[in-house]
Amino acid sequence: MIENRYCVIMAGGIGSRFWPISTSKFPKQFQDILGVGRTMIQQTYDRIKKVVPVQNIFVITSIEHLNIVQSQLPELNPENVVGEPVMKNTAACNIFMAMKIAQLNPDASITVLPSDHLILKENAFLKTMEIAFEATSTLHQLLTIGVKPTRPETGYGYIQFLDKKEHNVFQVKTFTEKPNLEIAKSFLESGDFLWNSGMFVWNVQDILKAFRQYLPEMHQLFVECPFNTTREKEYIEAIYPRLQKISIDNAILEKSKNVAVIPAELGWSDLGTWTSVFENAEKNEYNNVESSKYVLTYSSSGNIIKIKNKNKAVIIDGLNDYIVVDTDKALLICPRDHDQEIKDYVIDLKTMKKGDKFI
């Protein structure tokens, strides 16, 4: 039944690999990274509201970003926009929202979605969600959405699957985090590995049972919370500092024998780096991604050039495969193949006197 379908959009994190566009005050999930007219969280919401009632869509984010979420998703009930007082990774936010939703509807099936992923094949995504919601009511397994790999990617986690259950659902055998290139190549050749998309679907009672089994201390801290009352916020603020900082993958999914996966071809990317943006963005005749009409390039290709001031003239000569990002406060110029080091640049910037104001 569609009224039992719920969605939790996870919108925490600051996306430091997307600095200087993504900052602690305005992270990447609230940015229009690809220049399509909608921010990443708005695109996530636009997709899921086609299969989940709007009144059943929740967003969990940092308390610092509550106003941004409410301004970007004005259709949502303000009570459905939930703030975490401290970032504690994905296990904490999942048990928080599962218990909150269980109190509203003990028969709920929940899909949990990252707020900042790219999905080009929307119809395939919606069909996969329909299959997943149907499967949770019959199989009672914790479902992950696995993306069929198109290359030996070392930046993603992998899911190995076994025998088919039903409804295109397969039993999970193993999880592997970010393998090296040789292992990634062997995964691709074997045919029984999928990229771990970080998208989940489960019945609320099944996921709470898993938390009781694998994270009993965390579960116990939430049991007495007066969910969906005026006292919820105060209680959450009191217990959050005591919670273990661990991902839902490490805490539950890698340990449970009750996990299944649905393979899907979604045109998916986690848009985790500037290079992934370059790969998925529209390019001009010189193979550059440009966001300003006053950019002139000479003997330059393979660059991503993002200028906040659309009226600024930019001239680039002899630059190939670089990231050039200019904002009001900062300018980044670095090779595209160094994009994983941007997090380190940000850490180093923090050590400078008054460096925090740039991040």
Side-chain angles (χ1 to χ4, degrees), residues 10-35 39-42 59-72 81-90 92-93 114-116 155 233 236-237 240-243 245 270-278 281 289-292 294-295 300 303-317 319 321-359:
M10 298 184 293
I14 61 171
S16 58
R17 285 181 293 181
F18 275 94
W19 184 87
I21 292 291
S22 182
T23 63
S24 57
K25 285 187 167 55
F26 217 81
K28 78 164 187 175
Q29 58 267 31
F30 308 122
Q31 307 266 2
D32 179 8
I33 294 287
L34 291 173
T39 66
M40 300 307 298
I41 192 172
Q42 287 173 330
V59 176
I60 185 161
T61 188
S62 164
I63 55 173
E64 298 172 13
H65 302 135
L66 289 173
N67 290 339
I68 299 177
V69 174
Q70 289 168 351
S71 66
Q72 292 198 2
V81 182
V82 181
E84 287 184 288
V86 187
M87 292 291 105
K88 287 287 187 175
N89 213 321
T90 55
C93 69
S115 59
D116 53 2
K233 182 173 179 289
I236 291 298
E237 287 177 348
Y240 243 74
R242 299 161 59 189
L243 299 178
K245 192 171 186 178
D270 71 349
L271 286 185
T273 64
W274 280 114
T275 292
S276 64
V277 171
F278 175 83
V289 175
E290 300 173 1
S291 64
S292 175
Y294 298 115
V295 175
S300 300
N303 301 300
I304 180 165
I305 305 164
K306 198 166 181 68
I307 312 299
K308 184 174 181 181
N309 184 346
K310 305 297 183 185
N311 295 312
K312 178 183 283 189
V314 178
I315 298 174
I316 293 175
D317 189 351
L319 202 63
D321 302 322
Y322 263 71
I323 301 163
V324 180
V325 183
D326 186 38
T327 70
D328 291 338
K329 290 186 175 182
L331 170 65
L332 170 70
I333 304 172
C334 79
R336 266 192 18 232
D337 60 6
H338 289 191
D339 61 359
Q340 293 284 355
E341 296 174 32
I342 293 175
K343 290 178 86 169
D344 297 327
Y345 304 159
V346 172
I347 292 169
D348 291 342
L349 190 57
K350 282 183 181 180
T351 66
M352 295 178 64
K353 188 175 182 181
K354 297 185 178 178
D356 282 347
K357 69 180 180 179
F358 301 112
I359 54 179

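Note that the coordinates shown come from a computational prediction; the quantities given were computed from them, not determined experimentally.
- Nearest approach of Tyr240 to Pro85, heavy atoms of both residues: CB-CG, 3.6 Å.
- The side-chain hydrogen bond (donor to acceptor under 3.5 Å, both in side chains) test applied to Glu64 returns no partner, not counting sequence neighbours.
- For the pair Met87 and Lys245, the tightest heavy-atom approach, listed with the atom from each and the gap, is O-CE, 3.8 Å.
- Every residue meeting the side-chain hydrogen bond (donor to acceptor under 3.5 Å, both in side chains) condition with Glu237, not counting sequence neighbours, appears here in chain and number order: Lys233.
- In terms of the side-chain hydrogen bond (donor to acceptor under 3.5 Å, both in side chains) criterion, residue partners of Asp321 (sequence neighbours excluded) are, by chain and number, Arg336.
- Between the side chain of Ser292 and the backbone N or O of Val295 there is no donor-acceptor pair closer than 3.5 Å.
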List the atom pairs, with distances to 0.1 Å, where a side-chain N or O of residues 304-317 and a protein N or O form a donor-acceptor pair under 3.5 Å, not counting sequence neighbours.
residue	atom	partner	partner atom	Å
Lys306	NZ	Ile33	O	3.4
Lys308	NZ	Asp328	OD2	3.2
Asn309	OD1	Asn311	N	2.9
Lys310	NZ	Ser291	O	3.0
Lys312	NZ	Asp326	OD2	2.6

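- When every heavy atom of Ala11 is checked against every heavy atom of Phe30, the shortest pair comes out as O-CZ, 4.1 Å.
- Contact of the Val277 side chain with the Val289 side chain is not registered, since no non-hydrogen atoms from C-beta on lie closer than 4.5 Å.
- Applying the salt bridge (charged side-chain N to carboxylate O under 4.0 Å, His left out) test to every pair with at least one member in residues 338-358, sequence neighbours left out, gives no pairs at all.
- Proximity of Gln340 to Arg17: side-chain heavy atoms (C-beta onward) are separated by under 4.5 Å at one or more points.
- In this structure, the side chains of Cys334 and Tyr345 come closer than 4.5 Å at one or more pairs of heavy atoms.
- Checked by atom type and distance alone, the side chain of Ser115 pairs as donor or acceptor with a backbone atom of Met10 at under 3.5 Å.
- The minimum heavy-atom distance between Ser300 and Asn303, with the atom names listed, is CB-ND2, 3.6 Å.
- Across all their heavy atoms, Leu243 and Lys88 have their closest contact at O-NZ, 3.1 Å.
- Here the CD1 atom belonging to Ile68 is positioned 9.0 Å from the OG atom belonging to Ser62, to the nearest 0.5 angstrom.
- In this view, Thr39 and Gln42, Gln72 satisfy the side-chain hydrogen bond (donor to acceptor under 3.5 Å, both in side chains) rule, not counting sequence neighbours.
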Indicate every side-chain donor-acceptor pair of residues 19-27 with a distance under 3.5 Å to a residue at least two apart or in another chain.
residue	atom	partner	partner atom	Å
Trp19	NE1	Phe358	O	2.9
Ser22	OG	Ile14	O	2.5
Ser22	OG	Gly15	O	3.2
Ser22	OG	Lys28	N	2.9
Thr23	OG1	Phe26	N	3.2
Ser24	OG	Ile359	O	3.1

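- Here the CD-CG distance, from Glu84 to Leu66, works out to 10.5 Å after rounding to the nearest 0.5 Å.
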